[in-house]
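In this chain, residues are counted from 1 in sequence order.
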Amino acid sequence: MSDHRPPRRRRRDGEPRPARLRPLDVARVGAIGLRTRPVRAALSALGIAIGIAAMVAVVGITASSRLDLAHRLERYGTNLLTVTPGVNLRGDEARLPAEAIGMIARIPDVEHVSATGKVNATVYRTDRVPASNTNGILVLAARTDLCAAVGATVADGAWLNTATERTTAVVLGATAARYLGIHVAGPDVRVWLGGQWFTVVGILAPVPLAAELDSAAFVGWPVARDQLGFDGYMSTMYTRIAPHAVDDVRAKLGRTVNPEHPNEVRVERPSDALRVKEATDQTFTALLLGLGAVALLVGGVGVANTMIISVLERRGEIGWRRALGATKGQIRIQFLTEALLLSALGGAGGVLLGVAVTTGYALTQGWPITVPGWAQATAVGATLVIGGVAGLYPAIRAARLAPTEALAVP
């Protein structure tokens, strides 16, 4: 089969060779359009930057949240179980037997067990506050060993002891103290609780594995029963177990607490709720990443539009370069490099903006700051791909312009 392609023209003796562009020359020539039209370049890069910033910030915030969760679980452990009353056959709330504390304590591998009980009382900053304004603060009767069971720490003052649990002393959860406007504990700090004054002897730090305790006010079991009409029934039991035996003890708790009706006992693991929250957050993360990808695509379209306009406006420049010996390949490289530089500029700005957003949000939440390196590298790689795809057609179009055609344009 014969070859119908035209023969390649041989270079004549003395005819100059086409100049070859070194990498530095390619970058210098590719940056011409960015230097001569800085406002247009900045606006085009902004579209890329917004998409990259959204994706980096989403990944960074999610990674910081997960790291904070891992630190909390490592600090407070995953070996805490809560026991609450379920529902009996009549549909009424069941009650936890008073002897359940001692029965659970006898289970091997149980390290701590304590309980709280709901008290039908309200707490106010002063006795002048209307009774309808409760601020959502629970009043709980608490045992002196509650902090050991839930892993709570006291931010100021002290926890209830064998002396203060029998007096009008109260310890506030972190959220409850903030609602009441109390920041320190002391003998001169009082709240109006159950129709009488109680002295604030302590304020708890937040309890991640028992968040319901943050918005509660704690009084001693004896004073709650003697002065606040507490019925003595436990509303929640907290059991700290040796880490290797959590599943075994969890299977026994219902029958141990109420041997006759174990179905009326609910046993939960607070750390599981945190993990469910993490899984829910992952769904929103995927959604936000999709929105960031859409923004990045829109930015890529903006770069392509900018490059096409640039080719149309610079036909005279292209014609002079071709007339002076520039090859089609060099023209293609020039405009493709310009698109890549434009995208890289937006990508770098987007990464910096995403890291800044992650840092700011993590600091407000008290989280450790982390932005995975793979996210930053992927962001930069994505911008280069977007820039290459967006600049390919304009570069080919510019290379196809004949010198006479380009110079003929006024």
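Arg95 is linked by a side-chain hydrogen bond (donor to acceptor under 3.5 Å, both in side chains) to Tyr233, counting only residues two or more places apart in sequence or in another chain. Here Ser114 pairs with Asp145 under the side-chain hydrogen bond (donor to acceptor under 3.5 Å, both in side chains) rule; sequence neighbours left out.
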Using atom types as modelled, flag every donor-acceptor pair under 3.5 Å from a side chain in residues 192-221 to any protein atom, sequence neighbours excluded.
residue : atom : partner : partner atom : Å
Glu212  : OE2  : Tyr238  : OH           : 2.7
Asp214  : OD1  : Val207  : N            : 2.9

Given Val267 and Val265, is the side chain to side chain contact (heavy atoms under 4.5 Å, CB included) satisfied, shown in steps?
CA-CA 7 Å; Val267 180; Val265 178; 4.2 Å; yes
Which is it for Val83 and Thr236 under the side chain to side chain contact (heavy atoms under 4.5 Å, CB included) test, yes or no, and what are the steps along the way?
CA-CA 6 Å; Val83 179; Thr236 306; over 6 Å; no
With side chain to side chain contact (heavy atoms under 4.5 Å, CB included) as the criterion, how do Thr116 and Ser235 come out once you've worked through the C-alpha distance, each side chain's angles and the decisive distance to 0.1 Å?
CA-CA 6 Å; Thr116 59; Ser235 57; 3.9 Å; yes
Determine, step by step, whether Thr164 and Thr167 satisfy the side chain to side chain contact (heavy atoms under 4.5 Å, CB included) criterion, reporting the C-alpha distance in whole Å, the side-chain angles of both residues, the deciding distance to 0.1 Å, and the verdict.
CA-CA 5 Å; Thr164 55; Thr167 63; 4.2 Å; yes
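Side-chain contact check for Ile241 versus Glu111: every heavy-atom pair is 4.5 Å or farther apart. Contact of the Leu172 side chain with the Leu180 side chain is registered, since non-hydrogen atoms from C-beta on lie closer than 4.5 Å. The shortest distance between side-chain heavy atoms of Ile137 and Thr122 does not fall below 4.5 Å. Residues Ile107 and Val110 meet the side-chain proximity criterion, which asks for heavy atoms closer than 4.5 Å. By the 4.5 Å heavy-atom criterion applied to side chains, Met103 and Pro259 are counted as neighbours. Between Leu46 and Ile50, the closest side-chain pair of non-hydrogen atoms falls below 4.5 Å. With contacts defined as side-chain heavy-atom distances shorter than 4.5 Å, the pair Val113/Met237 qualifies. Considering only heavy atoms from C-beta on, Asn258 comes within 4.5 Å of Glu260 through its side chain.
Here the OG1-CG distance, from Thr84 to Leu96, works out to 7.5 Å after rounding to the nearest 0.5 Å. One finds the CG atom of Leu140 at 9.0 Å from the CG atom of Leu146 (value rounded to the nearest 0.5 Å). Separation of atoms OG1 (Thr358) and CG (Leu353) is listed at 9.5 Å; rounding is to 0.5 Å. Taken from NE2 in His112 to CD1 in Ile104, the straight-line distance is 14.5 Å, to the nearest 0.5 Å. Thr239 contributes atom OG1, which lies 6.5 Å from atom CG of Leu81 (distance to the nearest 0.5 angstrom).
Contact record, Val119 with Phe230: CG2-CD1, 4.0 Å, taken as the closest heavy-atom pair. The nearest pair of heavy atoms linking Val56 to Ala375 is CG2-O, 4.4 Å. Smallest separation of non-hydrogen atoms from Ala149 and Leu80: O-CD1, 3.3 Å. Of all heavy-atom pairs spanning Ala100 and Val257, the tightest one is CB-CG1, 3.9 Å. Counting all heavy atoms, side chain and backbone alike, Ala148 lies closest to Arg240 at O-NE, 4.4 Å. Taking every heavy atom of both residues into account, Leu363 and Ile369 meet most closely at CD2-CD1, 3.8 Å.
Residue Arg166 qualifies as open at atom CZ: its count of foreign heavy atoms under 6.0 Å is 12 or below. Summarising the local packing, CG of Asn120 is surrounded by 12 or fewer heavy atoms from other residues, nucleotides or ligands at distances under 6.0 Å.
Between the side chain of Arg125 and the main chain of Arg190, a donor-acceptor pair closer than 3.5 Å is present. Looking at Thr364, its side chain does come within 3.5 Å of a backbone N or O of Tyr361 through a donor-acceptor pair. Using a distance-only test at 3.5 Å, with no hydrogens or angles considered, a donor-acceptor pair links the side chain of Asp156 to the main chain of Ala185.
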